[in-house]
**Student:** 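Take a look at the following structure, please.
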Amino acid sequence: MTGRSAVVDVLIVDDQPPFRSVARAVVGLVGGWTVTAEAETGEEAVRLAADTRPGVVLMDITLPGISGIEATRRLLAAAPSTTVVLMSTYAAADLPADAADCGAVAYLHKEDLTPAALRALTAT
């Protein structure tokens, strides 16, 4: 292994600017990760993912327009190697039924968004 790891480009998708700000700060604490784009809607997320080709997408479930679940399906249909982590304030037991089969690697409660949680969820 060489001394330098590849940079992980991250797309943050959430309709709440304060949460995007927090997520940006958390991503900044993960060595080698950088936020390359932010989206407020599911449609914008799909478009930006096609333009920026992020390695990781932090996807809110409840968005204006198409849901984060549908945006995840569309995004992964176009770029199957992307790692999508669904996020919300829902308890895991209260997630919409289709969250389990949309292709996301995991669900993370927004309160549990930490650098360690991101590293663990996206470790290969």
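These numbers come from the heavy atoms of this one structure, side chains and all, not from hydrogens, waters or symmetry mates.
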**Student:** For residues Val57 and Leu113: do they belong to one hydrophobic cluster (side chain heavy atoms under 4.5 Å, members Ile, Leu, Val, Met, Phe, Trp, Tyr)?
**Tutor:**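 No, Val57 does not connect to Leu113 through the hydrophobic network.
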**Student:** Using the side-chain contact (heavy atoms from CB on, under 4.5 Å) definition, which of the options Leu75, Leu76, Ile69 pairs with Arg73?
**Tutor:**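 Going through the options one by one, the only one that passes is Ile69.
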**Student:** Which residues pass the side-chain contact (heavy atoms from CB on, under 4.5 Å) test with Ala116, sequence neighbours left out?
**Tutor:**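 Only Thr114, Arg119 meet the side-chain contact (heavy atoms from CB on, under 4.5 Å) criterion with Ala116.
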**Student:** Using the rule that two of Ile, Leu, Val, Met, Phe, Trp, Tyr join whenever any of their side-chain heavy atoms come within less than 4.5 Å, decide whether Leu29 and Val35 are in one cluster.
**Tutor:**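 No, because Leu29 and Val35 fall into different hydrophobic clusters, even though each may have its own neighbours under 4.5 Å.
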**Student:** Test of understanding: clusters of I, L, V, M, F, W, Y form through side-chain heavy atoms closer than 4.5 Å, transitively. Do Val56 and Val27 belong to the same one?
**Tutor:**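 Val56 and Val27: one cluster.
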**Student:** Looking at every non-hydrogen atom in both residues, tell me the closest pair between Pro54 and Ala49 and how far apart they are.
**Tutor:**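 In terms of heavy atoms, the two residues are closest at CD-O, 3.5 Å.
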**Student:** Run the side-chain contact (heavy atoms from CB on, under 4.5 Å) test against Ala78 and tell me which residues pass, sequence neighbours left out.
**Tutor:**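 For Ala78 there are no side-chain contact (heavy atoms from CB on, under 4.5 Å) partners, ignoring immediate neighbours.
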**Student:** Between Leu48 and Ala39, what is the shortest heavy-atom contact and its length?
**Tutor:**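 So the minimum-distance heavy-atom pair works out to CD1-CB, 3.9 Å.
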**Student:** Would you say Trp33 ends up clustered with Leu58 if hydrophobic residues are merged whenever their side chains have heavy atoms under 4.5 Å apart, either directly or through other cluster members?
**Tutor:**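 Both belong to a single hydrophobic cluster.
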**Student:** Which residues pass the side-chain contact (heavy atoms from CB on, under 4.5 Å) test with Arg74, not counting sequence neighbours?
**Tutor:**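 Expected list: Val46, Ile66, Glu70.
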**Student:** With a 3.5 Å cut-off and sequence neighbours excluded, list the donor-acceptor pairs that the side chains of residues 6-23 form with protein atoms.
**Tutor:**
from: Asp14; atom 1: OD1; to: Gln16; atom 2: N; distance (Å): 2.8
from: Asp14; atom 1: OD2; to: Lys110; atom 2: NZ; distance (Å): 2.6
from: Arg20; atom 1: NE; to: Glu38; atom 2: OE1; distance (Å): 3.1
from: Arg20; atom 1: NH1; to: Asp14; atom 2: O; distance (Å): 2.8
from: Arg20; atom 1: NH2; to: Glu40; atom 2: OE2; distance (Å): 3.4

**Student:** Considering only distance and modelled atom types, tabulate donor-acceptor pairs under 3.5 Å from the side chains of residues 88-96, sequence neighbours left out.
**Tutor:**
from: Ser88; atom 1: OG; to: Tyr90; atom 2: N; distance (Å): 3.4
from: Tyr90; atom 1: OH; to: Thr62; atom 2: OG1; distance (Å): 3.2

**Student:** Does anything in residues 26-35 form a salt bridge (charged side-chain N to carboxylate O under 4.0 Å, His left out)? List the pairs, not counting sequence neighbours.
**Tutor:**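 Listed by first then second residue: nothing to list.
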**Student:** side-chain contact (heavy atoms from CB on, under 4.5 Å) with Thr41: which residues, sequence neighbours excluded?
**Tutor:**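 side-chain contact (heavy atoms from CB on, under 4.5 Å) check on Thr41 returns Glu43, Glu44, Pro64.
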**Student:** Between Leu63 and Gly42, which heavy-atom pair has the shortest distance, and what is it?
**Tutor:**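 In this case the closest contact between Leu63 and Gly42 is CD1-N, 3.7 Å.
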**Student:** Of all the heavy-atom pairs spanning Thr72 and Cys102, show the shortest one and how long it is.
**Tutor:**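 Distance-wise, the nearest heavy atoms are CG2-O, 3.6 Å.
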**Student:** Do the side chains of Leu118 and Val26 get nearer than 4.5 Å, heavy atoms only?
**Tutor:**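 A side-chain contact under 4.5 Å exists here.
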